[in-house]
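Structure record follows, encoded as C-alpha cells.
For ligands, and for the atoms within them, numbers begin at 1 and follow the listed sequence. The structure displayed is predicted, hence computed values, not measured ones.
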Amino acid sequence: MIVLGIETSCDETAAAVVTDGREILSNLVLSQLTEHRPYGGVVPEIAARSHLDHLDSLIARAMAEAGIGFEQIDGIAATAGPGLIGGVFVGVMTAKAIAAARGLPFLAVNHLEGHALTVRLTDGVDFPYLLLLISGGHCQLLAVEGVGRYRRLGGTLDDAVGEAFDKSAKLLGLPYPGGPSLELAAEDGDPCRFDLPRPMVGRANLDFSFSGLKTAVRHKAHDLGLPLEDPENHDVKDLAAAFQAAVGDVLADRCRRALARFQGDTGRSGPLVVAGGVAANRALRARLTAVAETAETRLVAPPIKLCTDNAAMIAWAGIERLALGLRDPLDFAPRPRWPLEDLAGAA
Ligand code: KG4
Ligand code: ZN
C-alpha cells in the first residue's frame, strides 16, 4: 500500500510518499521560517497563502522523488486539524481534489495522531505505549491503545512546552524559532547558577504547568537586563540552561509517575514514547531515556527530522487508518480544535 501525505497545519508545507512496508519514498518539508521571522511568530494569513503558493509543486516533487505516478497510490492523507485553519483548508482541499479526480480514498488525519503514530513507522513499536506528546501547541500524556484509541492521562493547565521554550527564548533575545536556539544556548550554560521553579513536581496527578516557570524566567531576565541579542552572553546561556534543566525535571517527574500508572493499569511494560517538535531536544531525550530505564522499559523517540512537523507522519497515519478499512467522506470539515480522545478509531 502506498499513501501520499500532506501537512499544512502550521508553518511547514510538507508532502511525503510512504509505503505500508514502513518505507519513506519521499519526505519534503518546505519551511516558512524566513517569511514569519520578521514577526517573531507564525502569522496565520501569511502561512495560508504560502501553503497555497507552494503545495502543488511540492506534491509534484514528492511524487517524482518517490518515482511513482498517481495510478500507484492507494490513498491521499491530509492533516485536517487541529491547527491554523486557513492552512489546514489548503491541504484538505488539495487532497480532496486529487482523491476526487483519481477516485482514491481520502483520509482526514488528526495532526496529533500523526505525531503519536510516528514511532510505529520508524521503529515498528507495538500497542500499547505511553506517549508524551510535546509540541508548540500541545503537552499531554496519553495511553496509546490502538489507532484512534487514546486515553488522556494528563496535560498542561496553561502553556505547552514548546510555547514555554519559544517565549523564554524571546525573553532571552534568542533568535526565532525559540526551541532549537534555546537548546543551543543552553549547551554550555551553567544550569545551577539560577534557581527556577519546577511546577507540578511531586503532585499525584499527571498534569503540567509552565506559565510560572516562564514568569520566573521573565523576572530573572529583567534583573539581568535581558533580552540581549547575544547568544554568546553568559547570562543568556546560564538562564537558558536553567530553564531547560527545570523543564527536564518536570517532564522526568511526570513521566516517572505516568509510567508507574500505565504499567499498573495495563500490567505491561510498554515503552515510553516521546513525540512532537520538542522531542527533537537532545537534553530532554537524554533525561527521558534515564526515566524509562529506571522503570525497566525503554524510550522510543523518532529521528529528529520526524519529530518536527512533516508529511511522512501524516501519510503513515493514513496508512494505519486505511489498513483498518477507515476512510473519510469528501465533505469532511477541517477542525481547528480536535482533541485526540474525540477520534473515531477502530473498535
Ligand atoms: O510539532 P511541531 O513542529 O509543531 C507543532 O505541532 O506545534 O513543534 C514545534 C515546537 C516549537 O515550539 C519549537 O520551538 C519546538 O517544537 N522545538 C523545540 C526544539 N525543536 C523544536 N523545543 C526545544 N528544543 C528543540 N530542539
Ligand atoms: Zn506538530
Side-chain angles (χ1 to χ4, degrees), residues 5-14 16 27 29-33 36-37 40-42 44 47 51 78-85 87-88 91 109-119 131-140 155-156 159-172 174-187 189 210 213-214 217 231 240-241 243-248 250-251 273-288 301-314 316-317 336-340:
I6 295 171
E7 159 62 38
T8 56
S9 69
C10 193
D11 59 343
E12 253 100 36
T13 313
N27 182 25
V29 180
L30 196 67
S31 170
Q32 302 174 358
L33 219 64
H36 299 289
R37 184 171 279 138
V42 179
H51 289 307
T79 296
L84 300 174
I85 198 65
V88 174
V109 171
N110 179 301
H111 179 85
L112 303 173
E113 181 161 62
H115 281 302
L117 299 178
T118 301
V119 288
L131 172 69
L132 173 68
L133 180 55
I134 42 177
S135 70
H138 300 273
C139 175
Q140 303 173 28
T156 185
D159 293 350
V161 198
E163 202 179 343
F165 263 91
D166 294 336
K167 288 178 178 169
S168 297
K170 214 170 185 171
L171 292 166
L172 301 182
L174 292 168
Y176 173 84
S181 55
L182 195 147
E183 178 179 16
L184 197 64
E187 253 167 35
F210 292 102
L213 176 57
K214 182 190 64 195
V217 170
F243 168 82
Q244 193 167 271
V247 171
V250 171
L251 297 183
V273 169
V274 63
V278 185
N281 186 294
R282 289 184 178 79
L284 297 179
R285 288 161 83 110
R287 287 301 304 273
L288 297 172
I304 305 279
K305 200 181 159 203
L306 293 177
C307 285
T308 47
D309 289 348
N310 64 85
M313 69 179 191
I314 303 305
W316 177 256
R337 278 184 45 75
W338 190 5
L340 269 181

Exercise for the section: Check whether any N or O atom of G136, backbone or side chain, sits under 3.5 Å from an N or O atom of ligand 1, and answer yes or no. Expected result: yes
Exercise for the section: Would you check whether H115 has a nitrogen or oxygen atom less than 3.5 angstrom from a nitrogen or oxygen atom of ligand 1? Expected result: yes
Exercise for the section: Say whether C10 and ligand 1 are in contact under the criterion: heavy-atom distance to a ligand atom below 4.0 Å. Expected result: no
Exercise for the section: Give a yes/no on ligand 1: does Q244 have at least one heavy atom closer than 4.0 angstrom to it? Expected result: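 Contact check Q244 vs ligand 1: negative.
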Practice task
For the Zn ion (ligand 2), decide whether H111 has an N, O or S atom at a distance under 2.8 Å.
Solution key: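 Yes - counting backbone and side chain alike, H111 has an N, O or S atom under 2.8 Å.
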Exercise for the section: Examine all N, O or S atoms of H138, backbone included, and report whether one is under 2.8 Å from the Zn ion (ligand 2). Expected result: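 Checking H138: none of its N, O or S atoms is under 2.8 Å.
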Practice task
Answer whether the closest heavy-atom distance between the side chains of P82 and H138 falls below 4.5 Å.
Solution key: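 Result yes, sub-4.5 Å side-chain heavy-atom pair found.
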Practice task
Decide yes or no for N110 and L340: does some side-chain heavy atom of the first lie under 4.5 Å from some side-chain heavy atom of the second?
Solution key: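 In contact.
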Using modelled atom types and a 3.5 Å cut-off, is there a donor and acceptor pairing between side-chain atoms of [X] and backbone atoms of [Y]?
| X | Y | answer |
| --- | --- | --- |
| D166 | A169 | no |
| H51 | G87 | no |
| S168 | F165 | no |
| E183 | P180 | no |

Just heavy atoms, cut-off under 4.0 Å: does [X] contact ligand 1 by side chain, backbone, both, or neither?
| X | result |
| --- | --- |
| R282 | neither |
| H138 | neither |
| T308 | both |

Which atoms from ligand 1 have a heavy atom of [X] less than 4.0 Å away?
| X | answer |
| --- | --- |
| D166 | 11 (C), 12 (O), 13 (C), 14 (O) |
| G277 | 1 (O), 2 (P), 8 (O), 16 (O), 17 (N), 18 (C), 19 (C), 20 (N), 21 (C) |
| H111 | 6 (O) |
| E183 | 25 (C), 26 (N) |
| G162 | 12 (O) |
| G137 | 7 (O) |
| D309 | 1 (O), 2 (P), 3 (O), 4 (O), 5 (C), 6 (O) |

Completion exercise
atom 24 (N) of ligand 1 has as its nearest protein heavy atom N281 ND2, 3.1 Å
Completion exercise
Among non-hydrogen protein atoms, atom 18 (C) of ligand 1 lies closest to G179 CA, 3.6 Å
Handout entry: the Zn ion (ligand 2) - closest N/O/S atom in D309
Key =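 Output for this pair reads OD1.
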